[in-house]
There are 2 protein chains.
Amino acid sequence: MPAAVRQIETVVKDRALIERRHVQICDAALHLFARKGYHLTSVREIAQAAHLSVGALYTYIKSKEDILLLVYRRILNLFQVKMSETIVESGDPTAQLRAGIEATLTLYDDYHDLILVLYQESHTLRKEALQQLFGVDRQYVSMFQAIIERGNRKGHFVAEDPNLAAIMILFLCAVWPLKRWNLKKYDLATVSDGVVGILLNGIGGGHGLRNDRAAD
Amino acid sequence: MPAAVRQIETVVKDRALIERRHVQICDAALHLFARKGYHLTSVREIAQAAHLSVGALYTYIKSKEDILLLVYRRILNLFQVKMSETIVESGDPTAQLRAGIEATLTLYDDYHDLILVLYQESHTLRKEALQQLFGVDRQYVSMFQAIIERGNRKGHFVAEDPNLAAIMILFLCAVWPLKRWNLKKYDLATVSDGVVGILLNGIGGGHGLRNDRAAD
DNA sequence: CCATCCTGAACGAGCGTTCAGTCAGCGGAG
DNA sequence: CTCCGCTGACTGAACGCTCGTTCAGGATGG
């Protein structure tokens with residue numbers, strides 16, 4: 001994201017009020033989107049939940065899509081902040097990776113509805129808005145990638161392609177919100193351990209390493 | 001799925017014709033859903049693409065949701081068939097797992113649009129229809145689970161919780177269709193190797209196995 | 001009494017769904 | 001062979017509804 005995030009144009013002048021209202025709208029939309037999805041949530045419902053009239057709502061946004069964008073931006077900002085905090089704190093790469101994964105899973109747990117919306121509705125956004133999201137996503141991936149590269153250098157990891165590994169690690173964390181119905185019998189801690197375990201050691205327990213590819 | 005899959009009620013009598021038309025409708029809807037998503041595709045569009053009038057279409061389905069169900073059933077059936085074929089063929093658990101993962105990824109590649117629809121729109125279905133999907137999903141998971149359990153017994157794998165492992169493995173395969181924009185620079189073979197590699201050995205290369213949990 | 005913010009009825013478009021009507025094909029009666 | 005009536009599949013205009021969006025007018029406070 002080279003340029004600053006484009007502001008959503010509004011009719012209202014008072015900047016502080018705009019900010020307050022945007023938070024209001026976000027909160028309202030967040031819950032509704034999570035429960036019913038973007039398409040099945042009407043602007044009227046969002047307005048009502050945000051304690052605004054439809055007209056008032058439309059002085060703080062230009063279109064319904066802006067609301068989705070508002071929600072996405074908020075959640076992604078939050079994630080970036082929390083993650084950079086977590087990663088800095090812990091020292092050796094393995095602990096760092098574990099911390100990163102656990103933090104991500106905790107965030108995904110807190111905002112599991114939002115993750116669903118993120119995965120389910122991002123195709124709704126226009127090209128330009130999508131590019132913004134991709135940018136944030138890439139940043140998130142590169143945080144993990146950096147950890148892995150450091151771990152490779154220090155001899156803790158042997159990831160051939162740190163970028164690919166980072167993408168997969170981050171994606172695997174999404175199993176918690178996205179496959180909730182499949183994981184009903186597990187709690188967050190169990191899944192967290194499972195994810196960390198499989199990512200560090202796989203299920204092979206170190207038997208027949210890289211070279212068993214030649215067997216087939 | 002204890003009971004047989006409930007048939008979609010139709011007005012038309014001729015069973016063979018119904019089957020033919022359902023295939024027609026599936027094909028048409030499949031492409032439209034993949035391109036625009038379920039909500040943004042109108043019944044009129046589907047009818048046109050299926051070379052049917054709106055009225056005729058409605059003699060083969062009861063509601064728009066039936067079309068989504070039709071599409072889901074087809075794709076899931078296809079997956080199950082292809083997967084059971086693949087798994088049976090290969091012998092030792094490691095090869096079997098690899099074959100399963102590669103087959104899943106290939107299927108996900110062939111039908112990547114469909115996987116997107118599956119993940120993005122399943123919250124649209126009513127409870128009853130969702131239960132059907134979950135049932136199929138569980139079967140799919142248990143195919144992988146069986147492989148892992150056999151591998152554990154034979155000493156190839158050391159997965160503590162085969163069910164959790166199976167869920168994660170299957171989910172990780174979805175990275176290919178769901179994170180396409182992130183994986184643009186990779187091809188299927190590379191991602192396939194990456195997924196198999198990380199699942200068998202993790203990124204730790206066998207260093208500091210299970211017990212490094214105690215370090216934090 | 002203006003500037004600023006808010007209200008909610010109204011608008012046009014598009015949706016999923018229906019149904020009165022059309023028509024091809026077929027079997028039996030003349 | 002022709003005609004008739006009938007069945008079963010198809011047509012597409014029409015219906016009722018809800019949607020996202022707008023805007024003339026009301027309220028409020030400085």
Side-chain angles (χ1 to χ4, degrees), chain A residues 7-29 32-33 35-72 117 121 123-126 129, chain B residues 7-29 32-33 35-72 117 121 123-126 129:
Chain A
Q7 285 302 314
I8 291 169
E9 289 168 43
T10 57
V11 176
V12 177
K13 306 290 163 62
D14 186 342
R15 300 289 292 242
L17 182 59
I18 293 175
E19 188 48 41
R20 266 202 347 266
R21 292 275 183 267
H22 275 177
V23 170
Q24 241 176 293
I25 296 166
C26 251
D27 284 335
L32 289 166
F33 287 170
R35 184 148 25 96
K36 317 170 55 179
Y38 174 78
H39 290 286
L40 294 178
T41 304
S42 72
V43 173
R44 268 164 262 261
E45 284 177 289
I46 298 170
Q48 195 175 15
H51 306 292
L52 286 171
S53 70
V54 200
L57 177 61
Y58 265 91
T59 61
Y60 296 101
I61 55 162
K62 274 183 64 184
S63 73
K64 189 187 179 188
E65 200 195 5
D66 277 349
I67 304 177
L68 192 57
L69 208 61
L70 225 45
V71 169
Y72 279 177
V117 177
E121 314 285 9
H123 65 117
T124 307
L125 294 172
R126 274 176 287 102
Chain B
Q7 285 302 312
I8 291 169
E9 287 168 45
T10 57
V11 177
V12 177
K13 306 290 163 61
D14 184 341
R15 299 289 292 242
L17 182 59
I18 293 174
E19 189 48 43
R20 266 203 347 267
R21 292 276 182 267
H22 275 178
V23 170
Q24 242 175 297
I25 296 167
C26 251
D27 284 335
L32 288 166
F33 287 171
R35 185 148 24 97
K36 316 172 54 180
Y38 174 78
H39 291 285
L40 295 178
T41 304
S42 72
V43 172
R44 268 163 261 260
E45 285 175 290
I46 298 170
Q48 195 175 16
H51 306 292
L52 287 171
S53 68
V54 198
L57 176 61
Y58 266 91
T59 61
Y60 295 102
I61 55 163
K62 273 182 65 185
S63 71
K64 189 187 178 186
E65 199 194 5
D66 276 350
I67 303 177
L68 193 57
L69 208 63
L70 225 46
V71 169
Y72 279 177
V117 177
E121 314 283 8
H123 64 117
T124 307
L125 293 173
R126 273 176 289 100

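These values consider heavy atoms only, across backbone and side chains, with no hydrogens, waters or symmetry-generated copies. Convention: sequence-line order gives letters A, B, ...; per-chain numbering from 1. A quick note: this is a predicted structure, and the numbers were derived from the prediction, not measured.
- B:Y38 pairs by the ring pair (Phe, Tyr, Trp, His ring centres under 6.0 Å) definition with B:F33, not counting sequence neighbours.
- With sequence neighbours left out, the salt bridge (charged side-chain N to carboxylate O under 4.0 Å, His left out) criterion links A:E19 to no other residue.
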Base versus backbone protein contacts along nucleotides 12-30 of chain D [heavy-atom cut-off under 4.0 Å; B, S, -] = B-B----BBBBB-------
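- Between the C1' atom of D:dG8 and the CZ atom of B:R21 lies a distance of 12 Å, rounded to the nearest Å.
- As rounded to whole Å, 16 Å separates atom P of D:dG8 from atom CZ of B:R15.
- The distance from atom CG of A:L17 to atom P of C:dA3 is 19 Å, rounded to the nearest whole Å.
- Partners of A:V54 under the side-chain contact (heavy atoms from CB on, under 4.5 Å) rule, at least two apart in sequence or in another chain, are A:V43, A:R44, A:Y58.
- For A:E45, the side-chain hydrogen bond (donor to acceptor under 3.5 Å, both in side chains) partners at least two apart in sequence or on another chain are A:K36, A:S42.
- The side-chain hydrogen bond (donor to acceptor under 3.5 Å, both in side chains) test applied to B:S53 returns no partner, not counting sequence neighbours.
- Between B:I18 atom CD1 and D:dA9 atom C1' the separation is 11 Å, expressed in whole Å.
- Between B:D66 atom CG and C:dT17 atom C1' there is a gap of 13 Å when expressed in whole angstrom units.
- If you take CD on A:E121 and NE2 on A:H39, they are separated by 5.0 Å, rounding to the nearest 0.5 Å.
- Going from atom CZ of A:R20 over to atom P of C:dT4 covers 17 Å, rounded to whole Å.
- The CG-P distance, from B:L68 to C:dG16, rounds to 13 Å in whole Å.
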